[in-house]
Amino acid sequence: MINSLRTTASNPLTLLESTSTLKELHQIHAQLIVSGHLRHPRLLAKFVSLLALSQNTPHHLPYSRKILNHSPSSPTTFALNNLIRAHSKPPFNPLQAFNFYSQILHSPSLSPDNFTFTFLVRASAHLTSAAIGAASHAAALKRGHADDPHVQSSLIHMYSSFRSSTACHRLFEGIQDPDVVMQTAMIGAYAASGDIDVARKVFGEMPHRDAIAWNAMIAGYSHVGRCREALELFSAMQGESVSVSEATMVSVLTACAQLGALDQGRWAHAYIQKKRIQLTVTLGTSLIDMYSKCGSVDRAMEVFKAMPEKNVYTWSSAMSGLAMNGAGKQCIEVFELMEKEELEPNEITFVSVLRGCSIVGLVDRGLEYFDLMKSKYGIEPWPEHYGCMVDLYGRAGRLEEALQFIKSMPSKPHSGAWGALLNACKIYRNIELGELALSKILEIETMNDGAYVLLSNIYADFGNWKGVCSVRELMKAKGVRKEPGCSVIEVSGLVHEFFVGDKSHPMYQEIEVMLGEINWKLKLAGYAAKTNEVLFDIEEEEKENALIWHSEKLAIAYGLIALKEGVTVRIVKNLRVCWDCHDWTKFISKVFGREIIVRDRNRFHHFKDGVCSCKDYWRVRLEGFNELLLGKFSIVQWARVNLSYHSRKYINSGVYLKLGQKKERKSEIKDRSIPLAPPRPSDARVPPDHHLTHGVPSDHHLKPGVPPDHHLTPEFCQTTT
DNA sequence: CTAGGGTTAG
């Protein structure tokens with residue numbers, strides 16, 4: 001060390017680049033004092049700046065502050081600018097930047113320059129207070145630096161981070177000749193506020209687009225969930241031979257993850273390797289996320305294990321991936337490993353572990369972590385953590401304790417907490433609590449379609465058709481419409497999209513034949529008998545409903561046609577899988593010897609050999625079945641209580657038992673003359689963003705004279721929460 | 001001697 005110092009005595013500052021320990025830093029500092037270097041304000045400034053900006057050595061910044069405060073000569077603007085700069089990005093406190101700014105102001109020989117404001121505005125963007133940001137802007141104006149192009153683009157970025165698109169717009173309009181950087185900042189600003197089409201307009205009108213502009217546009221599409229366009233733009237980018245970077249691939253992977261497009265994601269991974277794009281922590285984390293959300297946890301964990309450097313995002317991503325794929329125990333293991341490595345978990349890490357505990361029903365462990373969060377890490381629980389705890393207790397059937405958790409929340413419970421309770425009420429058939437939960441949710445957000453559907457399902461579980469009707473009435477009165485079910489499947493790189501009852505796929509004929517074959521085989525296996533006979537015996541209007549296939553059934557059937565034997569069928573669905581489809585898929589996995597992975601709104605279902613990875617944990621508990629059968633109730637009564645509407649419909653229709661239920665139910669159904677048809681896919685609020693390979697779905701089964709039964713189609717029994 | 005825009009987990 002000393003030797004190397006001597007040899008580089010002419011410029012000891014170059015040593016800083018390879019310095020990481022505090023001891024080495026002390027040695028260099030001592031050497032600079034001895035040699036008299038630090039008496040020169042210029043060199044002192046350089047030393048301080050280098051220290052402040054040295055990456056991956058967080059202890060250098062506080063050290064540089066100390067040197068500056070204790071040096072005999074007063075600091076220069078250059079040094080202070082660089083300290084502001086160092087504090088303009090996390091993990092350092094951006095508020096500190098203002099101390100250095102005021103140091104410039106209070107020093108009679110110094111005044112802030114265009115660099116000062118560029119850095120100060122950048123620091124302001126990381127604050128939560130838009131007022132401080134505006135004050136930085138005002139100061140720049142007052143000192144005559146607001147016209148500087150660097151300051152201007154930082155200002156757009158800052159207002160964008162405050163979600164103030166009007167401020168961005170005003171600023172941008174005032175610039176006569178905006179350059180690429182400002183335009184790119186505006187793309188980011190419009191994308192952040194959801195005006196992606198306006199962003200695209202800016203992008204389209206740019207005379208010159210560099211790689212970062214492309215990245216910003218692709219990221220914008222990914223951000224708002226327009227994944228197909230993100231991927232299209234990515235291929236356009238390659239066509240223009242713009243250089244692809246880490247940031248590009250992160251957005252591409254995010255798009256693949258949202259789509260659940262494993263093939264595309266794999267391709268992107270291979271592309272990264274082929275182009276030798278450096279696998280940074282951020283990129284690695286995106287890969288983990290992509291593989292997890294495409295149902296390929298094993299690959300996700302491979303990437304995770306291979307990463308030499310990880311951060312909280314990486315760990316949290318791995319944990320949440322395991323949790324959503326049903327691997328709760330592994331999720332907990334990863335958390336324990338993280339603790340062992342003495343990495344500091346954050347709020348989101350705890351959301352992930354708690355979900356892991358929830359999915360495998362480890363209530364006590366979850367409670368332990370909830371307490372640990374506060375006691376060991378000093379993290380105040382967010383509403384989301386309470387939501388996890390409600391879910392944890394709720395899924396375990398401990399509804400009262402779940403309610404107590406809601407009541408213990410320090411602030412007003414959010415709809416997610418009540419939603420978790422409502423979900424538990426559906427599983428454990430608790431009408432009173434369910435009604436309470438729904439009313440609370442509706443106080444907060446009136447348009448939550450999933451909440452209405454869940455409560456309606458609870459009523460349906462009890463055969464309470466009046467309740468079902470009243471929910472539908474309420475939805476109609478409030479103008480709430482249920483999101484249409486939609487499933488997608490990727491076949492040789494193309495994403496095929498199916499809506500409920502959708503006949504518009506070019507291969508629909510073949511799909512229908514396949515569905516017939518499936519039903520025939522499942523019948524032999526002891527399953528299909530129900531549905532088939534139902535189709536025979538039910539009334540005309542019901543028959544029409546029974547023929548409406550859920551979107552995942554269509555997608556799975558297509559997958560069986562289009563995918564080679566042995567290839568896993570992967571489905572991504574926008575809503576939750578219904579009970580009937582869940583059973584149907586379990587049977588297929590056994591009868592056809594096919595692995596099927598369904599990603600629904602909340603989690604993955606890995607079907608293999610007739611079993612699902614979710615262990616049916618979200619379903620109605622059936623333990624009481626035998627007891628009920630043996631005496632107290634008839635099977636129809638049992639079914640009324642235990643089965644969801646359309647499963648019960650098969651039984652009630654008299655195929656199995658003719659116990660007079662049918663007539664009674666019929667008349668009740670006739671009563672509910674609510675002409676609320678399921679929303680047409682074509683005018684869905686937000687059309688799901690999947691690759692439409694076959695045009696707009698047909699809606700011929702939704703013609704105006706929809707029978708009143710329509711709103712109780714099986715699809716309605718699927719929830720969106 | 002310093003600079004602006006794009007990227008990760010619920």
Side-chain angles (χ1 to χ4, degrees), chain A residues 13 41-43 45-50 52-53 76-86 88 113-122 125 145 148-158 160 178-189 191-192 199 202-203 206 209-220 222-223 245-254 257 277 280-290 292-293 304 307 310-321 323-324 345-356 382-385 387-388 416:
Chain A
L13 294 179
R42 246 180 105 101
L43 276 170
K46 189 77 193 166
F47 181 53
V48 167
S49 303
L50 276 174
L53 298 169
T76 62
T77 307
F78 173 80
L80 290 166
N81 279 351
N82 276 320
L83 278 163
I84 295 173
R85 181 185 171 201
S88 73
D113 57 15
N114 44 346
F115 290 93
T116 314
F117 287 109
T118 306
F119 300 142
L120 194 69
V121 168
R122 203 173 191 282
H145 291 295
D148 182 276
H150 295 90
V151 175
Q152 281 177 322
S153 32
S154 293
L155 280 168
I156 296 172
H157 173 79
M158 181 193 78
S160 158
D179 63 17
V180 214
V181 180
M182 299 168 195
Q183 286 164 327
T184 309
M186 272 320 283
I187 290 172
V202 174
F203 182 76
M206 283 172 78
R209 303 181 197 101
D210 63 9
I212 298 183
W214 281 88
N215 290 348
M217 197 61 234
I218 295 173
S222 275
H223 181 77
S245 70
E246 177 203 0
T248 323
M249 295 317 290
V250 168
S251 300
V252 167
L253 289 172
T254 304
I277 295 170
T280 58
V281 181
T282 309
L283 189 52
T285 304
S286 303
L287 270 175
I288 294 172
D289 186 53
M290 181 278 291
S292 301
K293 287 182 179 158
F304 177 74
M307 281 172 70
K310 306 177 177 83
N311 63 18
V312 217
Y313 285 78
T314 321
W315 287 89
S316 304
S317 176
M319 286 162 54
S320 103
M324 78 175 80
N346 66 14
E347 287 85 352
I348 289 158
T349 320
F350 276 102
V351 170
S352 304
V353 212
L354 291 178
R355 294 186 113 202
W382 287 350
E384 285 84 347
H385 297 109
C388 288

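A, B, ... follow the sequence lines: proteins, then strands. Residue 1 opens every chain. Everything numeric in this text was worked out from a predicted model, so none of it was measured.
Aromatic ring centroids of A:Phe350 and A:Trp382 lie 6.0 Å or more apart.
Side-chain atoms of A:His385 come within 3.5 Å of backbone atoms of A:Glu347 as a donor-acceptor pair (strictly under, hydrogens ignored). Side-chain atoms of A:Asn311 come within 3.5 Å of backbone atoms of A:Thr314 as a donor-acceptor pair (strictly under, hydrogens ignored).
You'll find a donor-acceptor pair under 3.5 Å spanning the side chain of A:Thr285 and the base of B:dT8, going by distance alone. For B:dA9, its base sits under 3.5 Å from the side chain of A:Ser316 at one donor and acceptor pair at least. The base of B:dA9 does not come close enough to the side chain of A:Asn311 for any donor and acceptor atom to sit less than 3.5 Å apart.
Atom CZ of A:Arg355 and atom P of B:dA9 are 14 Å apart (whole Å). Whole-Å rounding puts the A:His385 NE2 to B:dA9 C1' distance at 12 Å. Protein atom CE of A:Met307 is 11 Å distant from nucleotide atom C1' of B:dA9, rounded to whole Å. If you take CE of A:Met319 and P of B:dT8, they are 20 Å apart, rounded to a whole angstrom.
Of the side-chain N and O atoms in A:Lys293, none sit less than 4.0 angstrom from OP1 or OP2 of B:dT8.
Note: A:Leu120 CG to A:His145 NE2 = 12.0 Å, rounded to the nearest 0.5 Å.
Of all heavy-atom pairs between A:Cys388 and A:Arg355, the closest is SG-CG, 4.1 Å.
Every residue meeting the side-chain contact (heavy atoms from CB on, under 4.5 Å) condition with A:Val312, not counting sequence neighbours, appears here in chain and number order: A:Ser316, A:Met338, A:Asn346, A:Thr349.
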> How would nucleotides 2-7 of chain B be written as a contact map, 5' to 3', with B for base contact, S for sugar-phosphate-only contact and - for no contact, using protein heavy atoms under 4.0 Å?
Replying inline: BBBBBB

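A:Trp382 comes within 4.0 angstrom of a base, heavy atoms only.
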